[in-house]
There are 2 protein chains.
Amino acid sequence: MNRPMRTRRQATLASLAAELGVSRTTVSNAYNRPDQLSPELRKRVLETARRLGYPGPDPVARSLRTRKAGAVGLLLTENLSYAFRDPAAVGVLEGLALACEDAGVGLHLVPASPGREDVAAVHRAGVDGFVVYSVPDDDPHLAAVLQRPVPTVIVDQPEVEGVDRVGPDDEAATVSLANHLVALGHRQVGVLCMRLARDRNDDFVPMSRQQEAHYHVQRTRLAALARTFEAAGVAWESVPVVERFEHNVDDGASAARQLLDAHPRVTALICTSDILALGALAEAGRRGLRVPADLTITGFDGIAEATRAGLTTVHQPVLEKGKSAGRLLLGAADRVAPKVITLPTELRVGTTSAPPRTAEERWFGP
Amino acid sequence: MNRPMRTRRQATLASLAAELGVSRTTVSNAYNRPDQLSPELRKRVLETARRLGYPGPDPVARSLRTRKAGAVGLLLTENLSYAFRDPAAVGVLEGLALACEDAGVGLHLVPASPGREDVAAVHRAGVDGFVVYSVPDDDPHLAAVLQRPVPTVIVDQPEVEGVDRVGPDDEAATVSLANHLVALGHRQVGVLCMRLARDRNDDFVPMSRQQEAHYHVQRTRLAALARTFEAAGVAWESVPVVERFEHNVDDGASAARQLLDAHPRVTALICTSDILALGALAEAGRRGLRVPADLTITGFDGIAEATRAGLTTVHQPVLEKGKSAGRLLLGAADRVAPKVITLPTELRVGTTSAPPRTAEERWFGP
DNA sequence: TTGAAAGCGCTAACAT
DNA sequence: ATGTTAGCGCTTTCAA
């Protein structure tokens, strides 16, 4: 296999046209509108191009002229490491990539880790639109994106007025899950949740932090839980909620440990994601707690691993979510009203939820 | 939260300058070189910009002018689904993303699924360079990339003369693995390998196809195995090799099944990836074969799941691989000689390899 | 079928 | 500290 010489770009469309003694239009047409010139001429153009080492129209110049970048930006305020490790996130990414592929446009990942305050990368991205995936409502990158005069679609969170959004009905989904637990008879519950704000708090969460959470999805789920359990006679202030900044199985386990150490009498652990729930499951095993006999554990998302583990959870179509976001963005040409797509969710009762044991059973066995 | 009106871009740097009665340079400086103008003037510029709804310098125009796109392209001739599901690939991606993040440049995924012949997306990508990850040597997208007058780094495969490359020494790594098996006494072996060409062949692989494989990594590994086992007195033509187009655990299992059904006497299954090996492990379990007592199984890559499963495998630093590729590309400014980075590999003997049972043991137990 | 003219929006010398 | 001048390389009316 041979490499063409890699000198700096010497030939341009103009120089090629000059060499050929034709106009630039003709050369441009040779590449973009083959039907606009005779096959022989076109052949001559392409051959001369090869001879001169002209690599074809410069994509950036073309973009400037056509006002189309041919790419959508993805803003993801999370280390890609974690994004890639969470199957739910991977599903969204995959769906988005599929939509982009169908449209023949690139997917431009914008460098924006949680710590980074530098939003220049957002300004520098040559894209026709942005998909923003699950960022806090006070994220500076998000603000920078919204500044840009291109369409934007937000996936999951936050909710921003006037901006397209796709996500599940977290409220309703969470209520259905909570009702399931209430119906089973659980009144002493604990919650493991994901990051609630940009500052790290790997600890119990006071009410104020729950209510002011900058991650709308978490806030909504907590609020829905609170409302449902209050209605069942549970004082929410007394319900322990443990937060984790990083989203992975190990942190789920450590959160469960922290919660169970302090509140050994909870009968159910409600996790706002399957990943956390998987960790909780592991911790329960380590403690010799049988699930669901001794402890009920629930998740959220419905990832494959969760299904395999028999987890009671709320399933949401993550691949669809990514696809919808992509299609929504790509078709956003000149829609007027902002669009919100609400995805269906489904409560999937598995083998990790059951009625709590009575006090008697606790002492004497079932 | 409020959205600014989203009319089509009306204000430009020029119109803003006119409105302010200053030159365009000054406005440009306000954004790009704050130290080049008085703080008051800068403030006035920025305020007027906000008032006029000027979103800051257009990234594409800037790129055209500066000849810097601020992004690197990633060519990955695989459905992203599979790329994301293979931890080894995810590691590479992650490392690359990290390098990009450090440099503050975006990562532009080029739509190029295996089936797609349309290389326009490569031409259209406004990037400063390409990373090409594991594609067949006859891939049209690769050819298109090499046409572009920007630096390119190839990860793993193929080897192209004059192009930077980063990857392990597959030859040496495979030989060390093969020697391990030879030393254990295995002479009746079978191989499960990944896709060897762009056409699908979920079946046994004749010698010709092994030798002409368009995926250089697979070709090298097979050749190294062949050479080592031949040296140990094994006629390679008699060694069954089964290929799978898709790279996932289930296909690994079905490949193992196909091979073991036809060759029940093999004592070792050599897999060219951990993913396939994990599948083989599952299939062995299904058949009631004990590993390694009844069957030795080896992998390649050293992913976490493999380590957890105790797989004997060759570990390679995938995260480093991605990082190196990114750094190599971003530092490629005006290097002269092409650079090849060979990553260290390490044979990790786990609990899935052991001496074959003797014929006697086969009948009477250990 | 081909060409001429007019920018897309910006930045970087080089003045002043 | 600010302005002037010249493009970056291309596509696209419009006219011939």
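Here the structure is a predicted model, which means the values were calculated and not measured. Note on naming: letters A, B, ... go to the chains in the order of the sequence lines (proteins, then strands), and numbering restarts at 1 for each one. Note: hydrogens, waters and symmetry copies are ignored here, and every other heavy atom, side chains too, is used.
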Next item on the list: Going 5' to 3' through nucleotides 11-16 of chain C, assign each nucleotide B (protein heavy atom under 4.0 Å from a base atom), S (under 4.0 Å only from sugar-phosphate atoms) or - (no protein heavy atom that close).
Entry: BB----

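For A:T26 and C:dG3, the shortest distance from a side-chain N or O to OP1 or OP2 is below 4.0 Å. One finds no side-chain N or O of A:T12 lying less than 4.0 angstrom from the OP1 or OP2 phosphate oxygen of D:dG9.
Qualifying side-chain contact (heavy atoms from CB on, under 4.5 Å) partners for B:R65, counting only residues two or more places apart in sequence or in other chains: none. In this view, B:E117 and B:P140, B:R198 satisfy the side-chain contact (heavy atoms from CB on, under 4.5 Å) rule, not counting sequence neighbours. Taking the side chain to side chain donor-acceptor pair (under 3.5 Å) definition, one finds that B:E101 meets it with A:S113, sequence neighbours left out. Among residues two or more places apart in sequence or in another chain, the side chain to side chain donor-acceptor pair (under 3.5 Å) test is passed with B:S15 by none. For A:A120, the side-chain contact (heavy atoms from CB on, under 4.5 Å) partners are A:D118, A:R124, not counting sequence neighbours. With sequence neighbours excluded, the residues that form a side-chain contact (heavy atoms from CB on, under 4.5 Å) with A:A88 are A:D86, A:D301, A:I303, A:V318. In this structure, B:T25 has no side chain to side chain donor-acceptor pair (under 3.5 Å) partners at least two apart in sequence or on a different chain.
Using a cutoff of 4.0 Å between basic side-chain nitrogens and carboxylate oxygens, B:E94 and A:R85 are scored as salt-bridged.
For A:Y31 and D:dT12, the OH to P distance is 16 Å, given to the nearest whole Å. Spacing between atom CG of A:L64 and atom C1' of D:dG7 amounts to 12 Å, rounded to whole angstrom units.
Shown for residues 36-53 of chain A: no residue has heavy atoms falling under 4.0 angstrom of DNA chain D.
A:V60 comes within 4.0 angstrom of no nucleic acid atom, judged by non-hydrogen atoms across all strands.
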